[in-house]
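In this chain, numbering begins with 1 at the start of the sequence shown.
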Amino acid sequence: MKPLLIFLTMLPCAAMAQLRWQPSAAHNEGLPEGARVYQTTDSISGRPFRAYYLEVSPKAGNLRLSVEAFPGKRYTPIQYDSILGPGTLAVMNTTFFSFKDNSNLNIVVKKGKVFAVNPQPATDAVPKKYFTRGAFGIDKRGRPDVAWVYNVGKKRTPYAYNAPVENVEPTSTTPAGAQKWKVREAVGGGPVLVQNGQVFITTEKEGMGKSIAALHPRSAIGYRADGTILLMVIEGRNKGVAEGANFEEMAKIFTDLGCVEALNLDGGGSSALYVNDQNTIKPSDPSGQRPVPAVLVLSRK
């Protein structure tokens, strides 16, 4: 959602050379037109680095990007691929989640139905402090959007804001300053990384703490003005080979690739992009891919 008014200062990003990306022959072999995987092993800020992104063209009428989730259960991307069967081309992790009960800790919308909502963290302040949180969605026409989202009422209807809001008043009606977010598929994460084609990191405004400098494996999603969607994973915790990225570096990567909006998703051991029956990055968990409760799936229609 391109903001009508900007209440935050665009964050400057430290000088960083633009990465060079090359098609990944192994992942692209047999993929239909409209889907392509790119990789880089260029160093970043003087560190060894490895990343991949899957580019999905808005003109690919034979492809569908959708959400898959099974309430209370977690599966690895490889397992999702097997469960969903023929026609599945790629699977990527999405939301933060609870290890205790496998619940999603961000919004999940599947075929227009709300399966989970963005967190509403409260402080000890009175009145309680509620936050909007970043989310990525696709409407019924396949158009992508990144917005700050809050859910309302018994149907948990998602509402989108043009800028992050730190003090949302709990309500059963339309929240002030928001509009109904009419999405067919959606997943949450945070923080937002890019708005209006500029680095725009809203970690604190989303109630996610202050640090934006930590290096970790990362998953994120962005899109260009023409509707091209980029699903990105960054390898990390692999000393001497790939040491991860921070939020500023991620945001710069997306703007260099021409994205107008981008969102961070769950990272660390959860980061995985499984394409064409192959991993892209090496998972940072010693056991391999981590089971997750919600994924984005690229499939043939």
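- Contact record, W181 with A160: CD1-CB, 3.5 Å, taken as the closest heavy-atom pair.
- In this structure, the side chain of K252 engages the main chain of M16 through a donor-acceptor pair within 3.5 Å.
- Other residues, nucleotides and ligands contribute more than 12 heavy atoms inside 6.0 Å of the NZ atom of K301.
- Atom CG of residue L296 and atom CG of residue L265 lie 7.0 Å apart, to the nearest 0.5 angstrom.
- Applying the ring-ring contact (aromatic ring centres under 6.0 Å, His included) rule to pairs touching residues 28-67 yields W21-Y53, H27-Y52, Y38-Y53, sequence neighbours excluded.
- In this structure, the side chains of I281 and L273 stay at 4.5 Å or more apart for every pair of heavy atoms.
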**OP:** Any chance you could lay out the side-chain hydrogen bond (donor to acceptor under 3.5 Å, both in side chains) test for Q22 and T40, step after step, and finish with the verdict?
**Re:** CA-CA 6 Å; Q22 301 293 332; T40 185; over 6 Å; no
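- Taking 4.5 Å as the limit, every side-chain heavy atom of W148 sits out of range of all side-chain heavy atoms of V165.
- Judged by distance alone, with hydrogens and angles left aside, the side-chain atoms of E206 form a donor-acceptor pair with the main-chain N or O of V192 at under 3.5 Å.
- Between the side chain of E29 and the main chain of A26, no donor-acceptor pair closer than 3.5 Å is present.
- Applying the under-4.5 Å side-chain rule to Ile, Leu, Val, Met, Phe, Trp and Tyr, the cluster around I78 extends to Y274.
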**OP:** I would like to know whether T76 and R290 meet side-chain contact (heavy atoms from CB on, under 4.5 Å); could you show each step before the answer?
**Re:** CA-CA 6 Å; T76 66; R290 178 183 291 174; over 6 Å; no
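- Rounded to the nearest 0.5 Å, atoms CD (E33) and CG (L63) are 9.5 Å apart.
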Subject >> V297 vs V67, side-chain contact (heavy atoms from CB on, under 4.5 Å): CA-CA, chis, key distance, verdict >> reply: CA-CA 6 Å; V297 178; V67 173; over 6 Å; no
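- Side chain of N118 to backbone of R133: a donor-acceptor contact under 3.5 angstrom is found.
- Note: Y159 and Y161 fail the aromatic proximity criterion, with ring centroids not under 6.0 Å apart.
- Atom-to-atom distance recorded for S66:OG and L84:CG is 8.0 Å, nearest 0.5 angstrom.
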**OP:** Would you check, one step at a time, whether the test side-chain contact (heavy atoms from CB on, under 4.5 Å) holds for L65 with I229?
**Re:** CA-CA 9 Å; L65 188 62; I229 297 172; 3.9 Å; yes
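- Within the 4.5 Å cutoff, side-chain heavy atoms of V292 are placed close to those of F97.
- No side-chain heavy atom of R218 sits less than 4.5 Å from a side-chain heavy atom of V233.
- Put simply, the side chain of N196 does not reach to within 4.5 Å of the side chain of V260, judged on heavy atoms.
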Let me have the donor-acceptor pairs involving side chains of residues 106-115, under 3.5 Å, with sequence neighbours excluded, atom names and distances please.
{"unit_1": "N106", "atom_1": "OD1", "unit_2": "F96", "atom_2": "N", "d": "2.8"}
{"unit_1": "N106", "atom_1": "ND2", "unit_2": "G189", "atom_2": "O", "d": "3.2"}
{"unit_1": "K110", "atom_1": "NZ", "unit_2": "E68", "atom_2": "OE2", "d": "2.5"}

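- No continuous path of ILVMFWY side-chain contacts below 4.5 Å connects L105 to F131, so the two sit in separate hydrophobic clusters.
- In terms of modelled atom types and a separation under 3.5 Å, the side chain of S98 and the main chain of K100 share a donor-acceptor contact.
- The side-chain hydrogen bond (donor to acceptor under 3.5 Å, both in side chains) test with S45 singles out one residue from E249, E248, E243, and that residue is E249.
- Side-chain contact between Y223 and E261: present, with at least one pair of heavy atoms (C-beta onward) separated by less than 4.5 Å.
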For residues 86-93, dump all side-chain donor-acceptor pairs below 3.5 Å to protein atoms at least two apart in sequence or in another chain.
{"unit_1": "T88", "atom_1": "OG1", "unit_2": "G85", "atom_2": "O", "d": "3.0"}
{"unit_1": "N93", "atom_1": "OD1", "unit_2": "S219", "atom_2": "OG", "d": "2.7"}
{"unit_1": "N93", "atom_1": "OD1", "unit_2": "A272", "atom_2": "N", "d": "3.1"}
{"unit_1": "N93", "atom_1": "ND2", "unit_2": "D266", "atom_2": "O", "d": "2.9"}
{"unit_1": "N93", "atom_1": "ND2", "unit_2": "S270", "atom_2": "O", "d": "3.4"}

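- Side chain of D139 to main chain of R143: a donor-acceptor pair is present (N/O by atom type, distance under 3.5 Å, no hydrogens or angles).
- Distance NZ/K73 to CG/D101: 14.5 Å, rounded to 0.5 Å.
- At distances below 3.5 Å, at least one donor-acceptor pair connects side-chain atoms of D226 with backbone N or O atoms of T228.
- Salt-bridge annotation for R36 and E55: absent, with no side-chain N of the basic residue lying under 4.0 Å from a carboxylate O of the acidic one.
- Screening residues 182-200 for salt bridge (Lys or Arg N to Asp or Glu O under 4.0 Å) gives no qualifying pairs among residues at least two apart or on separate chains.
- Between the N279 side chain and the K282 main chain, no donor and acceptor come within less than 3.5 Å of each other.
- Residues M232 and I253 meet the side-chain proximity criterion, which asks for heavy atoms closer than 4.5 Å.
- Between the side chain of N28 and the backbone N or O of S24, at least one donor-acceptor pair lies under 3.5 Å.
- Considering only heavy atoms from C-beta on, L31 comes within 4.5 Å of V275 through its side chain.
- Across all their heavy atoms, A262 and F254 have their closest contact at CB-CG, 3.7 Å.
- Atom OG1 of residue T202 and atom CD of residue E204 lie 10.5 Å apart, to the nearest 0.5 angstrom.
- Atom CG of L263 sits about 10.5 Å away from atom CG of D145, to the nearest 0.5 Å.
- Using a 4.5 Å cut-off between side-chain heavy atoms of Ile, Leu, Val, Met, Phe, Trp and Tyr, L215 forms no hydrophobic cluster with any other residue.
- The closest donor-acceptor contact from the side chain of T94 to the backbone of A294 lies under 3.5 Å.
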